[in-house]
Amino acid sequence: MSFFRIKEALAGKPAIGSEITIKGWVRTRRDSKAGFSFINVHDGSCFDPIQVVAPGELANYASEVQKLTAGCAIECTGTLVESAGRGQKFEIQASTVGVIGWVDDPETYPIQPKRHTFEFLREVAHLRPRTNTFGAITRVRHVAAQAIHRFFHERGYYWINTPIITASDAEGAGDMFRVSTLDLTNLPRTESGAIDFGQDFFGRETFLTVSGQLNVEGYCLALTNVYTFGPTFRAENSNTSRHLAEFWMVEPEIAFADLDDLADVAEDFLKYIFSAVLEECPDDMAFFEKQIEPEAITRLTTLIDTPFVRLDYEEAIEILKKADVKFEYPAEWGLDLQTEHERYLTEKHFNAPVVVMNYPTEIKAFYMRLSDDERTVAALDVLAPGIGEIIGGSQREERLDVIERRMDELGLDKEHYNWYLDLRRYGTVPHAGFGLGFERLVNYITGMTNIRDVIPYPRVPGKADF
RNA sequence: UCCCCAGUAGCUCAGCUGGUUAGAGCGGGUGACUGUUAAUCACUAGGUCCGCGGUUCGAGUCCGUGCUGGGGAGCCA
């Protein structure tokens, strides 16, 4: 007897006729007229469950096997045989079926062998990984994450674990979660009556990071090619299908690179990940295509084969002005692109991923590199059909005098960013980087429409269950 | 935060212009059945119609309000 994951058994790794053991959870049980039962068992190793044929002669057939319901954990030993029925290549002719864990109350077990709404499954986030859909999402998410690390590793990028707790409010990229060990019911005060953060754990105000970019730039200007991949936190009151308060972000930072180099990397990067998922998760992707999004596979293959459209913000505005569509908000040079504008560009006008480059200086962050005429900065957004902005990045301002001037204009405290400015004082070089929302990527790959369904336990305003 | 929509059995839903005892499918239980594929068939149990207040002889149904969920917008990844 030897143990196998269901994926191995279904792939025929153990020889036909050999005795194997599998362990997993019951998805369905069907009793045959002939006095035996079919049990579909899954263990998360692959999309398909394995069919166990439990003969009526089993000692515990009436007492246990016939009482199995969805969700029971079992251990089956038997012979791997070619299936006598249709629908699967292999099955297990069981010699023993042992129950490891019963479902206490089958009637209230939330995961039934039927279609559930995603809204309902969010309320049972601890059990939803047992469903087809969430098993598939989990495997795709994993493969995409592995592909990201592999992409960078193969190209000589180092993974930098930037801090999660930070004292800098980064680029002012939104509201931050405060980190404190102060007693909220009895806050220490300074003489002026302000909260005395000097007595807090770190001796100053601290927050959860909204981006690892500033920190990773230091490693970029030492190791040349680096990236972060970790949790990111935004305390914004965003209630949409594409925002989370806690999400995972990938941020490569590339030395000796300009905006065009960055766009090249962004395009290669996305294509690499999509290819990896298509190759490593064919069954899961087939499921998404069949049940979730009919275009799930074709839009990925198309995207892999099609060069991304690249255009300047200025050109994008021209296109939007000429569009015979009535927008709720005007498209005007100097205004940021609205969601409806982005959708038009990527879904209607080009029907392809679009890289919009060189935005007006006024609407972008201080660290983005100023153009010679100072009207624009070297920023880019990658827009994908059906998902909107998936990547945002820029060439960084590497010139000390220019970045200091911009910080002054924006009223930022240079003392606060002194270490960041050091990077411009000591051996500065042109460099560029982008941020990719990992969940948005998984959303796009799977065709899932709500970002809360592609992260195991979503955190959103008003909700931190599980 | 703003604008729309929704909340009925464990789940997915039906329930007409207000009118007897609120229904179905799936799931659960019991039983039947020569290999089933979310098996099939019969029987059966199961309800704070989201909460509160109001209109009415009478409210699942109409009105107000609160809560929860969803879609869209803003902010962004």
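Letters go in sequence order (proteins before strands), and every chain restarts at 1.
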Q) Taking atom P of B:A77 as reference, at what distance in whole Å does atom CD1 of A:Ile273 sit? A) 17 Å
Q) Please give, in whole Å, the distance from B:G27 P to A:Asp105 CG? A) 16 Å
Q | Pair listing, salt bridge (charged side-chain N to carboxylate O under 4.0 Å, His left out) test, anchored in residues 438-450 of chain A, at least two apart | A | A:Arg141-A:Glu439
Q) If pairing requires Watson-Crick or G-U wobble contacts with both distances under 3.5 Å, which nucleotide is the partner of B:C2? A) B:G72
Q: Report the base-pairing partner of B:C52 (Watson-Crick or G-U wobble, both distances below 3.5 angstrom), or none.
A: B:G64
Q. Hey, do the aromatic rings of A:Tyr344 and A:Phe327 have their centres closer than 6.0 Å?
A. yes
Q.
So, OP1 or OP2 of B:G70: does either fall under 4.0 Å of a side-chain N or O from A:Arg122?
A. yes
Q) Is the phosphate of B:G72, meaning OP1 or OP2, less than 4.0 Å from a side-chain N or O of A:Thr240? A) no
Q: To the nearest Å, give me how far apart CZ (A:Arg27) and C1' (B:C26) are.
A: 17 Å
Q. Are any of A:Asn239's side-chain N or O atoms less than 4.0 Å away from OP1 or OP2 of B:A73?
A. no
**Q.** Rounded C1' spacing from B:U17 to B:C26 in Å
**A.** 33 Å
Q. Does some side-chain heavy atom of A:Thr228 sit less than 4.5 Å from a side-chain heavy atom of A:Met249?
A. no
Q) Applying a 3.5 Å limit to both distances, which nucleotide forms a Watson-Crick or G-U wobble pair with B:U44? A) B:G28
Q) Between the base of B:C11 and the side chain of A:His116, is there a donor-acceptor distance below 3.5 Å? A) no
Q | A:Arg459 and A:Asp465 ion-paired at < 4.0 Å | A | no
Q: Let me know the distance between CD of A:Glu328 and P of B:G74, rounded to the nearest Å.
A: 8 Å
(Q) Within the 4.0 Å limit for protein heavy atoms, which parts of nucleotides 35-48 of chain B are touched? Write it as a string from 5' to 3', B for base, S for sugar-phosphate only, - for none. (A) BBBBB---------
(Q) Output the rounded distance in Å from CZ (A:Arg234) to P (B:G74). (A) 17 Å
Q.
Within the supplied structure, the quantity of interest is the number of heavy atoms (other residues, nucleotides, ligands) at a distance under 6.0 Å from A:Asp104 CG; does it exceed 12?
A. no
Q) Do side-chain atoms of A:Thr79 reach the backbone of A:Gly17 as a donor and acceptor pair under 3.5 angstrom? A) no
Q: May I have the distance from A:Met368 (atom CE) to B:C76 (atom C1'), rounded to whole angstrom?
A: 11 Å
Q | For atom CD1 of A:Ile111 and atom P of B:U12, their distance in whole Å | A | 11 Å
Q) B:C13, B:C75, B:G70: which one has an atom nearest the side-chain heavy atoms of A:Thr117? A) B:C13
Q | N or O in side chain of A:Lys463 less than 4.0 angstrom from B:G69 OP1/OP2 | A | yes
Q: With sequence neighbours left out, write down each residue that passes ring-ring contact (aromatic ring centres under 6.0 Å, His included) with A:His116, or none if nothing qualifies.
A: A:Phe120
Q) If you look at every strand shown and take non-hydrogen atoms under 4.0 Å, does A:Leu244 touch a base, only sugar-phosphate, or nothing? A) base
Q | Complementary nucleotide for B:C13 - Watson-Crick or wobble, under 3.5 Å | A | B:G23
Q: State whether A:Asp268 and A:Arg155 are salt-bridged, where the test is any N-O pair (Lys NZ or Arg NE/NH1/NH2 against Asp/Glu carboxylate O) under 4.0 Å.
A: no
Q. Taking the six-membered ring for Trp, are the ring centroids of A:His149 and A:Tyr227 within less than 6.0 Å of each other?
A. yes
(Q) Within the 4.0 Å heavy-atom criterion, would you say A:Tyr329 contacts the bases, only the backbone, or no part of the nucleic acid? (A) sugar-phosphate
Q: Please evaluate the base of B:C76 for a donor-acceptor partner in the side chain of A:Ser238 within a cut-off of under 3.5 Å?
A: no
Q) Is the ring centre of A:Phe247 under 5.5 Å from the base ring centre of B:A77, and are the two planes under 30° apart, so that they stack? A) yes
Q: Measure the distance from CD on A:Glu119 to P on B:C50 and round it to the nearest whole Å.
A: 18 Å
Q. Looking at B:G71, B:C76, B:G70, which one has an atom nearest to any side-chain atom of A:Glu342?
A. B:C76
Q: Compare side-chain N and O positions of A:Thr69 against OP1 and OP2 of B:G28 and report whether any pair is under 4.0 Å apart.
A: no
